[in-house]
S.K.: 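One structure, as structure tokens, below. Some questions next.
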2 protein chains.
Amino acid sequence: MSDCSTCVVRNRAICASLEPDELQVLSKLGRKRKIKRGETLLWEGDPAPVVANIIDGVLKLSMNLHDGREQIVSVMYASDFVGRPFGKESPYRVSAMTDAEVCVFTRSSFDSFAKEHPDLQNKLLHRSLDELDRAREWMTLLGKKSATERIATLLIELSDRLSVDGCSPTSRYLDRFELPMDRQQIADILGLTIETVSRQFTRIRKQGIIDLPDRRTVIINERSLLKAVAGVA
Amino acid sequence: MSDCSTCVVRNRAICASLEPDELQVLSKLGRKRKIKRGETLLWEGDPAPVVANIIDGVLKLSMNLHDGREQIVSVMYASDFVGRPFGKESPYRVSAMTDAEVCVFTRSSFDSFAKEHPDLQNKLLHRSLDELDRAREWMTLLGKKSATERIATLLIELSDRLSVDGCSPTSRYLDRFELPMDRQQIADILGLTIETVSRQFTRIRKQGIIDLPDRRTVIINERSLLKAVAGVA
DNA sequence: AAGCGTCTTTGATCAAGATCAAAGCATATT
DNA sequence: AATATGCTTTGATCTTGATCAAAGACGCTT
């Protein structure tokens with residue numbers, strides 16, 4: 001990879017914990033790679049995997065039951081870190097929901113670099129703890145929330161996560177954004193079927209809470225109502 | 001705390017990463033505490049919390065929606081680490097499912113100790129990554145599995161986790177064990193109601209796959225069948 | 001602009017699990 | 001031993017979301 005110092009996620013990715021000279025070393029290990037929408041970066045059970053920083057685009061982590069049922073267990077955005085360092089193999093599949101660009105390291109080279117850099121490990125620890133909190137929040141959604149609550153919660157979450165642009169958070173929440181996934185993927189995130197997702201969208205649209213000018217665009221008209229529907233106190 | 005070197009979880013808890021002299025320092029910071037079943041060690045949103053190693057017993061982490069619905073997001077056993085280091089506050093409630101004993105640290109003292117000990121942080125990172133994998137596995141259960149599959153999966157998991165006794169794993173799986181939780185808690189782990197849990201127990205009992213000599217005891221008669229029901233390939 | 005393929009919405013029906021209600025059981029109490 | 005108390009199981013019914021099926025809408029290609 002040519003130059004980390006000009007990387008758009010330089011200050012948000014785990015690399016932010018590194019000094020310029022350390023970054024130089026890391027940059028020798030990584031290489032940029034473009035991924036097309038739908039393409040898989042990492043297969044579950046893959047024995048020779050990689051880890052990566054997301055530079056641009058949206059990726060999903062998914063687990064698949066043997067009979068084909070798929071659950072999306074995480075949606076990852078620019079500056080997020082994907083892959084399973086220190087592990088035998090990745091327990092989940094990592095694929096692109098949109099065209100994306102990532103900064104890839106072989107796991108062995110990343111692992112040994114990390115071993116020498118406690119700051120990097122510290123950053124990774126913080127991220128893992130945050131991821132864990134998010135995963136558990138989502139468990140609550142999957143275990144206890146109704147279909148309408150799930151949809152509303154996802155929209156609130158997306159309007160939050162998609163709003164961070166570049167290094168500084170712009171408007172805290174977006175009232176208009178493009179869905180980075182199709183209806184089937186929304187269903188696989190929320191533990192619902194595509195028909196139920198569609199019906200719930202129609203429902204809150206008819207209530208005037210949101211608009212859906214086309215398949216991918218969401219406009220939030222009544223954020224407070226949407227939050228109420230999401231079950232946020 | 002008097003003596004870490006005789007602690008029953010000494011070699012399995014995160015403390016295992018420490019040298020004897022470091023352990024001496026840590027032992028000054030922690031203190032042992034007994035918790036009764038049902039008692040809460042840590043409330044969500046608690047501003048002055050603690051972290052702890054579990055010495056004995058079973059604890060649960062739970063998240064509560066404002067209207068009272070509760071989802072149990074993790075079940076933790078001896079040698080597991082609970083609490084949210086480096087965080088502002090704990091996002092979940094930690095309480096005892098059985099009488100338990102824990103080794104407690106104030107978060108501030110633990111955090112500053114951890115800052116000086118990369119090995120400890122490394123151990124914590126490994127644990128967090130493992131926890132994350134388990135949380136995501138459970139998301140798949142909550143999002144995609146049927147009631148029967150959920151019950152079977154839980155029984156397999158319990159027969160595995162409860163079998164580790166002392167420092168060495170004894171028989172890899174237990175075919176007879178005591179449930180550390182009641183039916184309502186099982187429901188809150190699996191995203192079901194207590195009635196559905198009861199009916200599914202009855203169902204696989206009538207099929208001869210398990211026996212339930214009393215409320216708390218489970219005997220697995222046909223492990224391979226149980227695994228098949230759990231949806232394990 | 002017409003035609004094709006894919007994704008999404010809508011409709012009709014079904015089923016798994018939730019809810020409401022009551023009866024069993026086991027342990028603790030007097 | 002008799003009785004209260006708190007789980008747990010079982011039964012009857014209802015609801016939410018799944019499934020099956022078809023029609024629309026949108027983007028792409030020619």
S.K.: Five pairs at each end of the helix from C:dA1-D:dT30 to C:dT30-D:dA1: take the axis at both ends and give me the angle between them to 10°.
M.R.: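 The helix from C:dA1-D:dT30 to C:dT30-D:dA1 shows an end-to-end axis angle of 30°.
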S.K.: If I take atom CZ in residue A:Phe201 and atom C1' in nucleotide D:dG17, what distance separates them, rounded to the nearest angstrom?
M.R.: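 Rounded to the whole Å, the gap is 16 Å.
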S.K.: Find the distance A:Arg205:CZ to C:dT9:P and express it as a whole number of Å.
M.R.: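 That distance rounds to 8 Å.
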S.K.: Which one of A:Lys60, A:Glu131, A:Met63 satisfies the side-chain contact (heavy atoms from CB on, under 4.5 Å) criterion with A:Ser74?
M.R.: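 Single side-chain contact (heavy atoms from CB on, under 4.5 Å) partner of A:Ser74 among A:Lys60, A:Glu131, A:Met63: A:Glu131.
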S.K.: B:Ser62: what forms a side-chain hydrogen bond (donor to acceptor under 3.5 Å, both in side chains) with it, not counting sequence neighbours?
M.R.: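 Scan of B:Ser62 (side-chain hydrogen bond (donor to acceptor under 3.5 Å, both in side chains), adjacent residues dropped) gives none.
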S.K.: Using atom CZ of B:Arg203 as one end and atom P of D:dG11 as the other, report the distance to the nearest whole Å.
M.R.: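 Taking atom P of D:dG11 as the reference, CZ of B:Arg203 is at 15 Å.
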S.K.: Take atom CG of B:Leu212 and atom P of D:dC7, then tell me their distance rounded to the nearest Å.
M.R.: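 So the two atoms are 18 Å apart, to the nearest Å.
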S.K.: What is the distance from CG of B:Asp214 to C1' of D:dG6, rounded to the nearest Å?
M.R.: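 Rounded to the whole Å, the gap is 16 Å.
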S.K.: Return the value, rounded to whole Å, for the distance between atom CD1 of A:Ile194 and atom P of C:dT10.
M.R.: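 Atom CD1 in A:Ile194 sits about 13 Å away from atom P in C:dT10.
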S.K.: Of all residues at least two apart in sequence or in a different chain, which pass the side-chain hydrogen bond (donor to acceptor under 3.5 Å, both in side chains) check with B:Asp133?
M.R.: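 B:Asp133 satisfies side-chain hydrogen bond (donor to acceptor under 3.5 Å, both in side chains) with A:Arg84, A:Tyr92 only.
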S.K.: Starting at the 5' end of nucleotides 16-25 of chain C, put B wherever the base has a protein heavy atom under 4.0 Å, S where only the sugar-phosphate does, and a dash everywhere else.
M.R.: -SSBB---BB
S.K.: For B:Phe177, which residues count as a ring pair (Phe, Tyr, Trp, His ring centres under 6.0 Å) partner, sequence neighbours excluded?
M.R.: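 Result, ring pair (Phe, Tyr, Trp, His ring centres under 6.0 Å) vs B:Phe177: none returned.
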S.K.: In residues 177-185 of chain A, which ones come under 4.0 Å of DNA chain C, going by heavy atoms?
M.R.: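 Correct list: A:Asp182, A:Arg183.
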S.K.: Does C:dT10 have its OP1 or OP2 closer than 4.0 Å to a side-chain nitrogen or oxygen of A:Thr202?
M.R.: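 Yes, such a contact exists.
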S.K.: Are A:Arg161 and A:Tyr173 in a cation-pi setup, meaning NZ or CZ lies under 6.0 angstrom from the ring centre and within 45 degrees of the ring axis?
M.R.: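 Verdict for A:Tyr173: no cation-pi partner in A:Arg161.
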